[in-house]
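Each remark here refers to the structure printed beneath this line.
As a basis for the values below, the full set of heavy atoms in this structure was taken, side chains included, without hydrogen atoms, waters or symmetry mates. Both ligands and their constituent atoms are indexed starting at 1 by order of listing.
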Amino acid sequence: MLREDRETRSIDARIERHLADRVDGEQHWMARKSLYETGFALVSYVLPQDVKERLDEEMAALIDAQSIRRDMRFAQTGNSPRKMRNVSAADIHQHNGPVRELYDSPALRGALSAVAGEDVLTCPYAPEHYVITHLERPGDTHGWHWDDYSFGVIYVAEVPDVELGGFVQTVPNTVWDKSNPRVFQNLVDNPIVSYSLRPGDMYLLRTDTTLHRVHPVETGGRRTIVNMAFAAERDLSKEIDHETMEELFHV
Ligand SMILES: O=C(O)CCC(=O)C(=O)O
Ligand SMILES: [Fe+2]
């Protein structure tokens, strides 16, 4: 395909073509098995390289122009820290670029549904659609937490070598009791699984039943991701209070 074609086609059209040409049922099946067994599945194969490059470019520009530094702790997740720079969903929406296009892509949701074995739906709460998170200072971390909706899809634009931290840690099959999160008890009672990632990776996580964090980065470690939240059918009838999100973004 001509370079201009790759650059001008919509993200959705590029993913659709890539899935038809390059992705087979076996890849989805391996990911589905991993998601069922561990709550985590690497789905990097769903995106073509040119889409990844468009995401990387927009994310770097938004971090430079519109990110806000946070240093907070949340009682609802056992006072775990958030030390990071963020670009909010409102600013990503307003910028109206590749990240928003990716989130809205029916081809992406179709591939994710094939992996999940159930419909992966747009999240009913717009401030959780997407958030960009950048770790840049020693000790920066996205501390232990669960998320409100069933699925998180995390695209990794930038991540340091594992020796500089910034790897993902999970505790599958855990339950978020917002009034008594018992994070440390969950860590003591269960095995923790750790994943090192590379730039251009994307993973699908059962974020409502998988306690997870990003290990703090060391000096020189830089990490940039976009987290996109998607719902399952069962989420649509749940009462969700969005409190940690509201504290973070004053939405
Ligand atoms: O940075 C990551 O890999 C995970 C992000 C995450 O858990 C979140 O944004 O809720
Ligand atoms: Fe999360």
Under a 4.0 angstrom heavy-atom cut-off, which atoms of ligand 1 come close to [X]?
{"X": "H212", "result": "7 (O)"}
{"X": "V168", "result": "3 (O)"}
{"X": "D147", "result": "10 (O)"}

Ignoring hydrogens and geometry, is there a side-chain-to-backbone donor-acceptor pair from D119 to L121 under 3.5 Å?
no

Using a strict 4.0 Å threshold on nitrogen-to-oxygen distance, state whether R69 and D140 make a salt bridge.
yes

One thing to verify: whether E58 and R54 come together as a salt bridge, which I'm taking to mean a side-chain N less than 4.0 angstrom from a carboxylate O.
no

For F230, is the NZ or CZ atom of R109 found under 6.0 angstrom from the centre of its six-membered ring and inside 45 degrees of the ring axis?
no

Establish, for the pair K33 and W29, whether the NZ or CZ atom is under 6.0 angstrom from the six-membered ring centre and no further than 45 degrees off its axis.
no

Got more than 12 heavy atoms from elsewhere within 6.0 Å of [atom1], [X]?
{"X": "Y36", "atom1": "OH", "value": "yes"}
{"X": "R198", "atom1": "CZ", "value": "no"}
{"X": "E163", "atom1": "CD", "value": "no"}

Quick test: of every protein heavy atom, which one is nearest to atom 3 (O) of ligand 1, and how far off is it to 0.1 Å?
Y203 OH, 2.5 Å

Of H142, R223, M228, R82, which has the heavy atom at the shortest distance from atom 8 (C) of ligand 1?
H142

Residue and atom, protein N/O/S, under 2.8 Å of the Fe ion (ligand 2)
H145 NE2, D147 OD2, H212 NE2

Measure the distances from the heavy atoms of I225 to every atom of ligand 1 and state whether one is below 4.0 angstrom.
yes

What do you reckon, does R213 put a non-hydrogen atom under 4.0 Å from ligand 1?
no

Polar contacts were defined as any N/O atom of the residue lying under 3.5 Å from an N/O atom of the ligand; does this apply to N227 and ligand 1?
yes

Side chain, backbone, both or neither: which applies to L205 and ligand 1 if a contact is any heavy-atom pair less than 4.0 Å apart?
neither

If you look only at pairs with a residue in residues 59-96, which of them pass as a ring pair (Phe, Tyr, Trp, His ring centres under 6.0 Å), with sequence neighbours excluded?
none

For this output row, return yes or no: ring centroids of H28 and Y45 closer than 6.0 angstrom.
yes

